[in-house]
Amino acid sequence: MRAQLNFVTPGAYSTQVSAPARAVHSDLHGQFGFEQLRVQPLAEAAWREIDERLEGREPPRWRVFNLWQMISEPPQDVALALCALDSVAADDVVEAKGFFSEPEMDVEALLRRTDAVPQFDLTFFKENPAQRWHCFPSMQPGETLIFSAFDPQADSRKARVPRGAVDLPPAADRTIPRNSIEIRAMVIY
């Protein structure tokens, strides 16, 4: 299976994060550093505890993982696809800055927008026929995928797992919109 950057899928703009989720991406960028954890949304309390436990020092080894879980029952209309890290070429990686758009904004208006101040850094990935993709259709509520969101000791193409939303064929008019949750967890060694 090959995922494609897709910003025009019907219904792709139902929430602020729906459109970016459709593109092959990673939430963190290649130069993400330990200090940047301090400014992650809603991470203030966690950062204070980490800072206190580590007495203000950076740990010798840390990583960020994504925990992704389906909430809706199958059959869903969209599945998560992950790319095998050893199939990503250095030229596939595109560092970017992004902003949240209004859900009702159409694709053309979004692409023409020049007045938005970047709100976050992330990574996109170009399509490459050599990439190996794995799709996870019909996940059950309670099943969880855990994958690398960022490894500061890995080279740029293996630091984070590319992922994207993939439209699934309708299942006899029973397909329902995907409802999922994602959590980022930092592991300190």
Side-chain angles (χ1 to χ4, degrees), residues 1-9 12-13 15-43 46-47 58-59 61-69 78-101 103 105 107 110-114 116-136 144-167 178 180-188:
M1 166 195 298
R2 236 185 313 158
Q4 296 182 3
L5 296 178
N6 186 355
F7 287 102
V8 293
T9 303
Y13 294 96
T15 70
Q16 287 185 323
V17 297
S18 295
R22 296 274 182 173
V24 177
H25 73 285
S26 171
D27 295 330
L28 303 177
H29 60 91
Q31 288 72 42
F32 187 81
F34 188 74
E35 279 294 319
Q36 290 172 297
L37 292 167
R38 180 185 305 271
V39 296
Q40 294 300 300
L42 306 176
W47 178 260
E58 181 173 335
R61 182 81 168 108
W62 60 276
R63 288 182 69 179
V64 179
F65 290 90
N66 278 59
L67 291 82
W68 193 93
Q69 189 174 83
V78 175
L80 179 67
L82 303 177
C83 186
L85 281 176
D86 62 352
S87 70
V88 177
D91 289 345
D92 297 347
V93 180
V94 178
E95 302 293 350
K97 294 191 176 295
F99 59 90
F100 291 112
S101 68
M105 184 178 282
V107 175
L110 178 64
L111 294 175
R112 286 191 312 270
R113 191 169 183 183
T114 59
V117 176
Q119 296 169 322
F120 54 88
D121 296 302
L122 71 159
T123 304
F124 288 112
F125 295 85
K126 297 178 192 173
E127 182 179 354
N128 179 339
Q131 294 169 346
R132 291 188 326 279
W133 285 87
H134 306 280
C135 182
F136 297 88
T144 303
L145 290 172
I146 301 173
F147 54 93
S148 182
F150 188 73
D151 181 352
Q153 293 185 357
D155 71 46
S156 66
R157 69 188 175 95
K158 293 186 177 182
R160 55 236 176 260
V161 173
R163 67 184 186 279
V166 177
D167 289 330
R178 177 179 94 183
S180 60
I181 188 168
E182 177 179 359
I183 297 171
R184 283 187 213 114
M186 183 177 69
V187 177
I188 297 173

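Only a predicted model underlies this, so the values are computations on that prediction, with no experimental measurement involved.
- L85 CG to K158 NZ: the interatomic distance, rounded to the nearest 0.5 Å, is 7.5 Å.
- Looking at heavy atoms from C-beta onward, L80 lies out of side-chain contact with C135 at the 4.5 angstrom threshold.
- When all heavy atoms are compared, the tightest approach of T144 to Q69 is OG1-NE2, 2.8 Å.
- The environment of D86 atom CG is dense: over 12 non-hydrogen atoms of other residues, nucleotides or ligands sit within 6.0 angstrom.
- Looking at heavy atoms from C-beta onward, W68 lies in side-chain contact with S180 at the 4.5 angstrom threshold.
- Here the closest non-hydrogen pair linking R132 and S87 is N-OG, 2.9 Å.
- Residues R160 and D27 are not paired through a salt bridge, judged by the lack of any N-O separation under 4.0 Å between the basic side chain and the carboxylate.
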>> As a quick check of understanding, evaluate side chain to side chain contact (heavy atoms under 4.5 Å, CB included) for Q153 and W62, giving each step before the final call.
In response: CA-CA 9 Å; Q153 293 185 357; W62 60 276; over 6 Å; no

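- Within the 3.5 Å criterion, the main-chain N or O of E35 finds no donor-acceptor partner in the side chain of E58.
- The shortest heavy-atom contact between P162 and W133 is O-CZ3, 3.9 Å.
- Nearest heavy-atom pair across C83 and V161 is O-CG1, 3.7 Å.
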> Should E95 and T123 be marked as a side chain to side chain contact (heavy atoms under 4.5 Å, CB included) after you check the CA-CA gap, both sets of side-chain angles, and the distance that decides it?
Replying inline: CA-CA 5 Å; E95 302 293 350; T123 304; 2.9 Å; yes

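- For the pair S26 and A149, the tightest heavy-atom approach, listed with the atom from each and the gap, is OG-O, 3.7 Å.
- Between the CG atom in N66 and the CZ atom in R163 there is a gap of 4.5 Å [rounded to 0.5 Å].
- Between R61 and D151, at least one side-chain N (NZ, or NE/NH1/NH2) sits under 4.0 Å from a carboxylate O, which counts as a salt bridge.
- Aromatic ring pairs are classed by plane angle as parallel below 30°, tilted from 30° to 60° and perpendicular above 60°; the pair F32 and F150 is perpendicular.
- Atom OG of S148 is separated from atom CG of L82 by 11.0 Å, given to the nearest 0.5 angstrom.
- Residues V24 and E127 have side chains not in contact (no heavy-atom distance under 4.5 Å, counting atoms from C-beta outward).
- Side chains of R63 and M186 form no contact here, defined as non-hydrogen atoms less than 4.5 Å apart.
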